[in-house]
Amino acid sequence: MLIKVNSEIADLLSSAAPIPALHIAIARLLSSHADGLHVLIMEASLCRQIEGNSSYSAEDRATAKRIRNKYSEYGALPNLVESYIELVTEGLEPALAGKVWKVPFTWFAANPLHDTQIVCEDLNDISVLREAGVDSLTDRRLHAFRIRLSSSPGGGGNTHRVLEEVTRIRKQICICVVDSDRQSPHDTLGATASPCAAYQGPGIFAVQVTEGRTIENSIPWKLIDKVRPSLNPRPSEELAKIEQRTKTSTKYLNLKRGICGYELRKHSTNCQIYWRSALKASAADLVCCESSCGAPDIPQCKLRLHSGYGNSMLSDVGQWLADNRSSNRASHYLPSPNDSDWKRLGSAIASYGIGLPPRRI
């Protein structure tokens, strides 16, 4: 994550009486920058103070010099990320003010600084979202930076407990992304997303909930084309046609299994009304009883809006992204008609996970 040291810290550092906690905090921040786990921004005057202070290690002093030499490049970063940390002199716990986390230096002195944790429901979510963050850095032309994240899969309904452990117990910076599990615009958040979205901390963290049903629904349609190349029509064409007929239903489709009239039996009344309307708009010539589908099981149902892309869709997307890491990768699937949530989630991942290639002297 981006960490900016404000001018008040420089004043304290230059005071006659040394402050042990401040020395520990600065040393930890410098070490995290050298390891590439976070990006530290300090003005030239503060860097020079550290460079000339023999109480810091030779490695820390060299890191301060590199930060000073890069200030023209790093100085604009706060304007390019959704959120960042500002090291301050007052307070006991991190506090979010707009897009800025105000974190007292005593907090960093008391808590070891590790890389940012990403908490999701499973490892496939993590691998795909990490790449969305890479796309966000590329879009901002931040080619010198990397996504530096450690992963903590939550395991469905256990995700909010993992989020609490990471932030409250382990005191690590965290970005959490969960599926909304909303099956229609009328649904509330699902059992996994609801406690995560309501979590209040303490700690430095952000919780993002998918705009649509799952992370699969946030994947650009043209990217799905890449992992299902043999389908005719292409997924991007099929989903665009569904969206045109039903307006918002592609956000709430089960893209793994699809949806048909038979499955409406498992939906709430409001969802049944929504999906029956979507089904009729897309397949008006097919017959299905008004109250529920008369088919004995899913394969026999003739009223089908979407057949799905298989349970391996998300893992296939993650593998394709991992295998294609060229600087122009995103040009193969962006822009895409539905790319807004991909970009939103990627921007959050990039803000909390931005780091550097490790460079130790």
Side-chain angles (χ1 to χ4, degrees), residues 1-15 17-43 45-47 49-51 53 55-57 59-68 70-71 74-75 77-78 81-119 145 148-150 152 163-175 201-206 351-356 358-360:
M1 194 168 184
L2 179 62
I3 304 173
K4 182 180 180 180
V5 180
N6 71 12
S7 57
E8 295 175 347
I9 297 295
D11 293 339
L12 278 184
L13 202 62
S14 62
S15 62
I19 303 173
L22 180 58
H23 185 281
I24 293 171
I26 293 295
R28 283 178 171 171
L29 292 174
L30 290 166
S31 180
S32 74
H33 182 95
D35 288 334
L37 304 182
H38 303 281
V39 180
L40 187 59
I41 297 179
M42 298 188 297
E43 292 185 355
S45 59
L46 176 55
C47 291
Q49 286 186 54
I50 295 169
E51 292 171 54
N53 190 333
S55 66
Y56 288 96
S57 68
E59 184 176 4
D60 287 345
R61 297 198 303 272
T63 300
K65 182 178 181 179
R66 289 200 300 272
I67 294 171
R68 173 167 59 85
K70 288 284 189 178
Y71 185 77
Y74 294 168
L77 286 176
V81 295
E82 282 188 10
S83 191
Y84 65 92
I85 292 170
E86 183 176 326
L87 193 68
V88 296
T89 58
E90 298 180 349
L92 298 174
E93 292 286 338
L96 184 61
K99 64 180 284 185
V100 183
W101 281 100
K102 303 284 187 176
V103 183
F105 68 83
T106 51
W107 193 86
F108 279 120
N111 301 291
L113 185 57
H114 304 286
D115 49 356
T116 298
Q117 289 280 313
I118 178 170
V119 174
F145 301 90
R148 300 296 301 272
L149 295 167
S150 291
S152 293
L163 171 62
E164 182 172 10
E165 179 188 345
V166 169
T167 58
R168 185 187 298 271
I169 308 301
R170 286 153 51 183
K171 307 287 189 182
Q172 290 183 260
I173 301 169
C174 179
I175 175 74
I204 305 169
F205 68 95
S351 293
Y352 279 78
I354 188 171
L356 292 159
R359 180 184 178 186
R360 295 298 244 175

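In what follows, every heavy atom counts, from backbone to side chain, and hydrogens, waters and symmetry copies are set aside. Every value quoted in this text rests on a predicted model; they were computed, and no experiment measured them.
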Query raised in the report: Do the side chain of His38 and the main chain of Leu356 share a donor and acceptor less than 3.5 angstrom apart?
Result: no
Report summary line: In short, Cys174 meets Val119 closest at the heavy-atom pair SG-CG2, 3.6 Å
**Report entry** Smallest separation among heavy atoms of Arg148 and Gly36, with atom names
**Finding:** CG-O, 3.2 Å
**Report entry** Between CD1 on residue Ile26 and CE on residue Met42, distance to nearest 0.5 Å
**Finding:** 6.5 Å
Query - Gln172 side, atom CD; Asp115 side, atom CG - distance, nearest 0.5 Å - result: 7.0 Å
Query raised in the report: CD1 of Ile41 to CG of Leu2: how many Å apart, nearest 0.5 Å?
Result: 4.0 Å
Query raised in the report: Can you tell which of Ile3, Leu37, Asp35 makes a side-chain contact (heavy atoms from CB on, under 4.5 Å) with Leu113?
Result: Ile3
Query - Approximate separation, where rounding is to 0.5 Å, of Ile50 CD1 and Arg61 CZ - result: 11.0 Å
**Report entry** Test item: Lys171 side-chain N/O and Trp107 main-chain N/O as donor-acceptor pair under 3.5 Å
**Finding:** no
Requested in this report: Decide if atom NZ of Lys65 counts as having more than 12 heavy atoms of other residues, nucleotides or ligands within a radius under 6.0 Å.
Outcome: no
Query raised in the report: For Gln49, what residues pass the side-chain hydrogen bond (donor to acceptor under 3.5 Å, both in side chains) criterion, not counting sequence neighbours?
Result: none
Query raised in the report: Yes or no on side chain to side chain contact (heavy atoms under 4.5 Å, CB included) for Val5 and Leu40, after CA distance, side-chain angles and deciding distance?
Result: CA-CA 8 Å; Val5 180; Leu40 187 59; 3.7 Å; yes
**Report entry** Arg168 to Gly201 - nearest heavy-atom pair and separation
**Finding:** NH2-O, 2.6 Å
Query - Residues Glu165 and Arg170 bridged, charged N to O under 4.0 Å - result: yes
Report task. Measure the shortest side-chain to side-chain distance between His23 and Ser55 over non-hydrogen atoms and say whether it is less than 4.5 angstrom. Result -> yes
Report summary line: The side-chain contact (heavy atoms from CB on, under 4.5 Å) partner of Trp101 among Ile173, Val88, Leu96, Leu87 is Leu96
Report summary line: So CD1 of Ile85 and CD1 of Ile204: to nearest 0.5 Å the spacing works out to 4.0 Å
Query raised in the report: Parallel, tilted or perpendicular: which describes the rings of Phe145 and Tyr74, with under 30° parallel and over 60° perpendicular?
Result: tilted
Query raised in the report: For Lys99 and Ser83, which heavy atoms make the closest approach, and how far apart are they?
Result: O-OG, 2.8 Å
**Report entry** Point-to-point distance, once rounded to the nearest 0.5 Å, from CD of Gln117 to CZ of Phe205
**Finding:** 15.0 Å
**Report entry** Thr89 and Asp11, any side-chain heavy atoms less than 4.5 Å apart
**Finding:** no
Query raised in the report: How far apart are the C-alpha atoms of Leu77 and Tyr84, what are their side-chain angles, what is the distance that settles it, and do they pass the side chain to side chain contact (heavy atoms under 4.5 Å, CB included) test?
Result: CA-CA 9 Å; Leu77 286 176; Tyr84 65 92; over 6 Å; no
**Report entry** Test side-chain hydrogen bond (donor to acceptor under 3.5 Å, both in side chains) applied to Asn111 - qualifying residues, sequence neighbours left out
**Finding:** none
**Report entry** Salt-bridge criterion met for Glu86 and Lys4 (N-O under 4.0 Å)
**Finding:** no
Query raised in the report: Run the side chain to side chain contact (heavy atoms under 4.5 Å, CB included) check on Ser150 and His114 step by step: do they pass?
Result: CA-CA 9 Å; Ser150 291; His114 304 286; over 6 Å; no
Query raised in the report: Which atoms form the tightest heavy-atom contact between Asp60 and Ala27, and what is the distance?
Result: OD2-CB, 3.7 Å
Report task. Of all the heavy-atom pairs spanning Leu30 and Thr63, show the shortest one and how long it is. Result -> O-CG2, 3.6 Å
